[in-house]
Amino acid sequence: MSDPRPKELPKAYDPASVEKKWLERWEADGVFHADPAGTGPVFSMVIPPPNVTGILHMGHALNDTLQDIIARSKRMQGYRVLWMPGTDHAGIATQNVVEKSLAKEKIRREDLGRVAFVERVWKWRDEYGGTIVEQLRRLGCSCDWKRLRFTMDEGLSRAVREVFVRLFDRGLVYRSHYIVNWCPRCETALADEEVNHRDLDGAFYHIVYAVEGSEEKLVIATTRPETLLGDTGVGVHPEDERYRHLVGKHAILPILGRKLLIIGDPAIDPAFGTGALKITPAHDPVDFELGRKHHLPSVNIMEKNGNLNAEAGPYRGLSRFEARKRVVERLQADGLLVKTEPHRHAVGHCYRCDEVVEPRASEQWFVKMKPLAEPAIRAVESGEVRFFPNRWTKVYMEWMTNIRDWCISRQIWWGHRIPVYTASDGRYTAAHDEADARRRLGLEESAPLRQDEDVLDTWFSSWLWPFSTMGWPDASPELEAFYPTKTLVTGYEIIFFWVARMMMAGCEFMKQPPFSDIYIHGIVRDPTGAKMSKSKGNVIDPLSVIDRFGADGLRFGIISITSEGQDVYASEDRLEIGRNFANKIWNASRFAMMNLPPNLPEEMPPAPGPHERWILSRLEDAVQKTTSLLDAYHFNEAAGRLYDFFWGEFCDWYIELAKPQITRTDVAGTLRTVLETALKLLHPFMPFLTDEIHSILTGSQRSLDCAAWPRSLPGRRDEALENRVSRFLIEPVGAVRNKRAVHRIGAKETVQVSVSVTTDGVAEAFGEFSADLERLARARVACIQKGLPRPPKSVLALVTPEAELFVHLPESMDLEQERERLAAEAAQIQKYLHSVQAKLKNEKFINNAPEAVVREERRKAEESRVKLERLNENLRSLA
RNA sequence: GGGCAAUUAGCUCAGUUGGUUAGAGCGCUUCGUUCACAUCGAAGAGGUCGUAGGUUCGAAUCCUACAUUGCCCACCA
């Protein structure tokens, strides 16, 4: 036992210095390092890699605290824990950030050229890319930081190339001219999942198209009139009476005068709009398919940046929005705009920059997903991989079964360049490098090759994360020891982007799903339910919370306000609970450190008193519940049980009971045992605070991460004792305090208490705790006696079938008020008694309800009956 | 158009397989700083569990509708 030197312990917990110290110590001791060559059971997880441009937000705070709780508790439970950390190169996001910073110097990326630009991004990463990692450390994340990975590391890049080549060779990766989602701001294609649809108010423009060689007119409705410049056909339903005779004829495109073949296709809904559809194969997904089917030409009218090109004739160079305006004006002037009606419809937006996305036909690379999805579906179907909460299974299945091919090429510079090489004769292949490409194409060593200009979607590296971080494609000791991982913790917003794709990659390349448990948590929102975003200015900065409340305060706070599987409404006020609890733990420990006698024997003293056996019994309950709740991923319930135990049972009752007897060995020993055990249970939630207290308390400099998780000791549970404590101690104390408060008895005054009991046994039970009652309720127990009538000038404070407790009050007591209170209580019990008696008279209840339930109801009825009788007696005697 | 979630105290949420006189934190009211902690202690007020039916001896809990809110998916131009 070291000397805690209590005088130096501050009254309030001061996280700042403590956190810094322990961060360094954990790192120095290598507590978080996982050795693949070690012995014992293994537990592994990979962090959802935050964007390298990221700064810690509340979403990370929640996600990574959850993982850290798992990691630390598993470590204490004896597992060799690997929590693999790293960051994501976040192609578009990072490129945008660097482009923005270049813009301040009035430089565009084109001015620099590809090589110099990519160098700038690397430079940016070297300078700022460590920010998020530092912040995760400050949060207390027990990742194996020595293994920090980055999706553009050489090793991970090699894995990306290997995967691309394998898929190419299997025919699962292909190049195609296809309509894709195009972000004119980022100037790149996007995957379907990267487009957010929002309903916006737009207009439905009804436009007149003339029919060639006829007086007939066709009216066509569209929401994007500017795309008519790219029309190459008109479609109608083949059985539509209004239009079927026109099929095969031509319509004349307004403004440009182009001839448009009128085709019939059952895909066209005669009931929608005017029943006639303008076909713009290059700028609409439906039209693209129709165009292909009916061999219509495709006219691309848009530049990469969304401005119109030469195909748009007079509108060349205009933005798509300006062009829309001008086209509408022109149609109006020409008398071709029949009407404009308001129309609300879904408009796609870029998930990175929120620009309105345009469908645009272009040459892109795709992954054929169906064959990859099948094993990933089976793994979940069979129960090999499970979602927590389970409802996400359906969402996953739905998406997986309807999966579409994945557009993986991006027209940006920052990312893994597509490893496809084309020879001068036009033949191409995927390859690990140029030499490999020449081999595959049967070319000479010096033959010129051109590598594809595009880079891969960021998620094309993230989907390999669980094994690329462990050294794949090599057969590494890490893969051997730590793959597959056990639990993946992530938010539901990336189930499609990431979780589903990792499942597919794991099944395909490792022949084994990458994890068995998928824990899905909600999104952190502001108190009004809006997503937190910098532009809205509603973000809570976790770092400022750490500054104010400490990392442990933030961690405990965010976990306790997060109900399972639900979104979290966070505000700094709500997080205070964590800071307050940390302070409570600090002060309870401070009490222990100031009062525990030196040279206390290590082992638990034998035959402790009833208070001690009581708190040990409650501790046992806390150990059991916390352990099983954590195993089941019920994090906030586990946190809640610990909070209740520590604050509501240990501090509120046990410490108060122990105070006068703290010099006794069994009392001090119990206090220490309970505190130490509680610190261990709390450690995964609040690692800094618990390590600090533990080190002061024991002199040990080792983290509790190295301590053993508290074992359940069922022998400590004593429910009969718990029952006695609550009936003869906790309830009487509460009752006396209540009368004191109600009758405004000053805190310094002592009140007299008498107890009337029915049996000697009950008198004894009261006697066991009467000293505690006297101290905790500032009372003096005048007498405990069988059949004692209500003493004069006293009020009934507590009534049970076997006892009545009276509090003696001064002359000034208000009898009338007291009568009202008793009468109200009697009325309430009367009402309850009626309901129970009615139940017991019901034969169906007696016959159908389990015997235990019936017995319990009988007991309650009897109890209420006796209580009511006593209450009424007292009421009469008050009159 | 499909699907999912939520609806319990002023606010934010618990309430495990149907059986407690429905709980917690915050906020509110009253009282209290010799005694680990005012980031605290004590006491208290506050709820027809969204609505309407149904199943059952018994429903906040199960079923069916409906309402409100939020989210996800979907090529109706």
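Residue numbering restarts at 1 for every chain, and letters A, B, ... go by the order of the sequence lines. Everything quoted here is computed from the prediction, not taken from an experiment.
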At 4.0 Å (heavy atoms only), tell me whether [X] reaches a base, stays on the sugar-phosphate, or touches nothing.
| X | value |
| --- | --- |
| A:Tyr569 | sugar-phosphate |
| A:Ile268 | base |
| A:Tyr13 | nothing |
| A:Glu656 | base |
| A:Arg224 | nothing |
| A:Pro850 | base |
| A:Lys584 | base |
| A:Arg579 | base |
| A:His343 | sugar-phosphate |

Between [options], which nucleotide has the shortest distance from any of its atoms to the side chain of [X]?
| X | options | result |
| --- | --- | --- |
| A:Asn580 | B:rU39, B:rC72, B:rA42 | B:rU39 |
| A:His345 | B:rA36, B:rA77, B:rU34 | B:rA77 |
| A:Asn738 | B:rU30, B:rG41, B:rA43 | B:rA43 |
| A:Arg574 | B:rU12, B:rA36, B:rA42 | B:rU12 |
| A:Lys860 | B:rA36, B:rU20, B:rC13 | B:rU20 |

- Item | 5′-ward residue of the pair A:Ala849/A:Ser589 relative to RNA chain B |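 Mapping each residue to its closest nucleotide by heavy atoms, the 5'-most match is A:Ala849.
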Q.
When the P atoms of B:rG23 and B:rG46 are compared, how many Å lie between them, rounded to an integer?
A.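 It comes out at 14 Å once rounded to the nearest Å.
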- When you look at A:Tyr492 and A:Asp567, which way does the side chain to side chain donor-acceptor pair (under 3.5 Å) test go after all the steps? CA-CA 10 Å; A:Tyr492 58 77; A:Asp567 286 351; 2.9 Å; yes
A correct 5'-to-3' footprint of nucleotides 3-10 of chain B, with B, S and - meaning base, sugar-phosphate only and no protein heavy atom under 4.0 Å, is SSSS----
